[in-house]
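See below for the structure under consideration.
Counting convention: from 1, in listed order, for ligands and their atoms alike. Keep in mind that the numbers below use all heavy atoms, side chains included, and drop hydrogens, waters and symmetry copies.
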Amino acid sequence: MSKPKFYLTTPIYYANSRPHVGSAYTTIVCDVIARYKRMCGYEVAYLTGTDEHGVNIERAAEKLGVTPQQLVDKNQQIFRDLWKLLGISYTNFIRTTSPEHERAVQTLVRRTMARDKDLPPEKRSIYKAKYEGRYCIYDNLYVSDTPEPANCQICGRPAELISEENYFFRLKAYEKPLLDFYRANPQWVQPDFRMNEVKSFVEAGLKDVSISRKTIKWGIPWPGDPEHVFYVWYDALTSYMSGIGYGEGDIESVRHGASSASAEKGAPSGGRGSSPSALGALASEGLSGGRGFSPGVSSDASGVLTPEGNAEFNKFWPADLHMIGKEIIRFHAVYWPAFLMAAGLPLPEKIFAHGWLLFEQEKMSKSKGNVAYPEPIVKAFDELTGAKVGNDALRYYLLRETVFGQDGNFSREALITRYNADLANGLGNLASRTLTMIDNYFEGVIPELGPANDAMEENAAHLIKSAITYYDRFQFSECLQEIWQLVSLADFSLAHEKPWKQITEPNGKELVGPLLYRIAAAIRVVSVLAHPVIPDATRKIWEQLGQTDDLDDVDVKQLQWRGLIPGTKIGKLEGAFPRADKKELSERIEKMENEIRNPGAAVEPSARANKTDASIEPAAASTAAPSATAATSAAAGAAAAPAPANAKITIDDFAKVELRVGVVKTAERIQGADKLLKLTVDIGDEVRQVLAGIALAYAPEELVGRKVVIVVNLAPRKMRGIESNGMLLAASAGADGKPVLCTFAEDIPAGSKVK
Ligand code: MSP
């Protein structure tokens with residue numbers, strides 16, 4: 001019998017920089033769902049990929065002196081490598097610069113236009129007009145449709161003025177169909193409060209949106225009008241279809257404007273998904289919700305949903321779940337369904353918008369410099385514990401610590417604490433003690449349970465049910481708490497019944513056998529239930545319990561506590577989660593993170609303390625550096641090494657360094673760091689915290705109110721666990737390199753540029 005299908009997607013990630021823990025979060029969550037669904041008997045298609053077009057990619061490439069293609073080629077590989085390290089079981093990876101994606105985007109727009117070709121121009125979903133407005137290049141968001149200055153509502157930065165002729169999508173015409181659709185499918189967006197936000201947004205009135213650009217070169221050419229390239233969201237959203245084979249079928253049918261007719265062939269009865277053009281239908285029939293655009297369309301007997309899709313597309317589309325971060329809900333829950341309605345294609349079944357992972361109370365983002373990277377976490381855990389546990393540690397922490405859907409805080413300390421408490425001292429310790437006793441007392445063979453009617457069995461049965469319910473509702477933290485109840489229960493039994501004492505009694509084996517069976521059976525249940533979240537350790541424990549089926553394929557819905565067969569020979573014993581030393585591990589992670597931020601410049605945190613502050617960090621070093629050249633080269637990211645005295649840089653190299661006038665607001669000493677001062681400096685539009693190695697030359701009191709020169713675009717770094725976000729310039733004098741701060745004789749406001 002063929003398996004039911006389940007198709008889920010992550011957002012496709014911008015390939016202008018490397019992934020951080022925030023980006024890994026969505027991918028890990030989707031991996032947990034994919035693994036869980038496979039264990040429920042589904043055939044899963046799991047799509048992820050990289051979003052490789054747009055101005056920010058062009059700019060990032062320009063800054064690095066490479067072509068956009070070179071940049072995205074390199075970065076997409078970093079994403080793939082990370083997903084491999086994190087054991088992500090995706091089945092499809094889409095790149096928006098791939099020819100198959102380009103073809104799909106052009107096919108979708110052609111299909112949409114072909115469906116409208118008999119309608120009067122003012123009724124067509126796609127039309128050409130002049131656009132003037134403000135656009136945020138960082139978030140790819142139209143901030144306002146008027147030329148007046150405006151700041152981006154997501155990142156707060158000033159938006160750029162755009163004025164050009166564009167292709168527009170008539171989003172306004174989809175207000176009613178969208179609202180009707182939401183009404184008919186009230187749980188389409190999850191959590192519920194997000195559905196309400198989306199509804200209110202549409203109720204407030206929609207504006208047509210531009211879906212092409214003339215000024216941008218880095219994008220997919222508009223079919224038949226190559227001066228235009230697609231605007232990133234039309235391009236990006238289509239990846240959910242191109243990633244599974246849309247555009248790989250009969251494209252000619254679209255090219256020749258026949259798609260409407262042929263698509264009808266695949267329309268299931270009731271006209272879902274392949275109704276006549278949404279606008280045409282709206283105009284002529286007054287089409288409303290429940291008809292035309294419902295999610296969950298099924299294909300007809302021939303399996304054909306659309307001739308432009310290949311067999312995989314026709315099998316898996318529509319997506320069962322788009323998992324996204326809350327900041328991109330509008331594009332997914334308003335634009336995307338409207339684009340699909342206009343093309344006459346079925347809508348996704350569900351959209352889940354999760355919260356942000358915060359770092360020091362702010363959304364983790366590379367541009368703000370407040371990021372944690374997954375690779376150092378995984379590698380440092382593996383190296384220091386001598387076992388492959390880092391991946392599970394990170395996955396468990398991310399799912400256990402945060403109530404899914406809401407924002408959560410990321411902290412390295414909490415991650416290690418959680419690992420030691422729940423994994424090392426919890427499940428790992430329980431498994432290792434139990435299996436060692438089975439090995440010692442029962443020659444490595446699972447003992448009999450005996451006739452006892454067992455409370456543990458009842459508990460396990462109840463818990464399996466509720467864990468499944470939590471998984472189905474994406475309540476991962478609650479699910480893990482539930483599963484760990486069984487760990488606590490088993491732990492309690494061991495502590496209470498003390499099998500190591502009982503075994504010394506004359507009938508020791510009869511007493512201890514059933515107890516160890518009960519606990520081993522509980523551990524087996526935990527291995528299955530927790531497998532989607534901690535796949536590496538559960539597999540290890542599973543094999544140590546002597547289980548031979550592939551754990552990935554175990555049917556979670558058939559799971560029984562008594563599934564553990566007495567007489568089974570256990571496997572080779574090996575600790576699943578060795579304990580981690582918090583301080584050592586935290587320092588190792590920090591060191592590795594610094595190496596990512598400043599390749600080649602990182603110094604062992606503990607080693608730093610022994611060196612002079614001037615040699616610790618580019619930021620502090622600059623204040624004691626022999627010349628301004630050293631400061632600028634460090635600021636430009638060229639490691640901490642000063643450029644040779646006679647080396648020449650171009651004006652473009654120099655322009656990379658943003659220097660501004662700052663005014664010191666506060667200054668204080670740092671305990672245990674003789675040479676460092678912690679300053680807050682007003683740089684015009686914000687107040688920055690900067691550490692400077694000038695404590696031997698300046699008393700904190702004499703610095704307050706003083707004007708300084710600060711490098712503002714230097715990547716933030718931590719010293720002694722304190723973040724420094726900028727660098728003061730100083731000259732150095734004498735053999736001891738005493739720093740003398742650069743300052744101004746004239747009056748000059750904070751924030752003025754220095755060039
Ligand atoms: N390219 C678009 C998405 C197009 S989908 C058709 C984009 N990319 S992104 O790289 O900026 O963000 C992708 C996703 O990464 C977010 O939606 C979110 O799922 C995840 N996250 C990025 N930072 C995050 C946190 N700090 N916390 C949680 N998730 C985060 O938007």
Can you give the donor-acceptor pairs under 3.5 Å from side chains of residues 65-74 to other protein atoms, not counting sequence neighbours?
residue, atom, partner, partner atom, Å
Thr67, OG1, Gln70, N, 3.0
Thr67, OG1, Gln70, OE1, 3.3
Gln69, NE2, Asp73, OD1, 3.0
Gln70, OE1, Thr67, N, 2.9
Asp73, OD1, Arg95, NH2, 2.6

Electrostatic pair Glu43-Lys315, nearest N-O below 4.0 angstrom: yes

Presence of salt bridge, Glu62 and Arg59, under 4.0 angstrom: no

Could you go through ligand 1 and note, for every N or O atom, any protein N or O atom closer than 3.5 angstrom, writing the atom names and distance to 0.1 Å, or 'none'?
residue, atom, partner, partner atom, Å
ligand 1, 1 (N), Ile12, O, 2.8
ligand 1, 1 (N), Asp51, OD2, 2.7
ligand 1, 10 (O), Tyr14, N, 3.2
ligand 1, 17 (O), Gly325, N, 3.2
ligand 1, 17 (O), Glu327, OE2, 3.2
ligand 1, 19 (O), Thr26, OG1, 2.7
ligand 1, 19 (O), Gly325, N, 3.1
ligand 1, 19 (O), His354, NE2, 3.4
ligand 1, 26 (N), Leu357, O, 3.1
ligand 1, 26 (N), Met364, N, 3.4
ligand 1, 26 (N), Met364, O, 3.4
ligand 1, 27 (N), Leu357, N, 2.7
ligand 1, 29 (N), Gly22, O, 3.2

Plane angle bin for Tyr174 and Phe169 - parallel if under 30°, tilted between 30 and 60°, otherwise perpendicular: parallel

Between Glu658 and Asn713: side-chain donor-acceptor atoms closer than 3.5 Å: no

Step-by-step side chain to side chain contact (heavy atoms under 4.5 Å, CB included) determination, Glu593 to Val371: CA-CA 9 Å; Glu593 275 181 351; Val371 281; over 6 Å; no

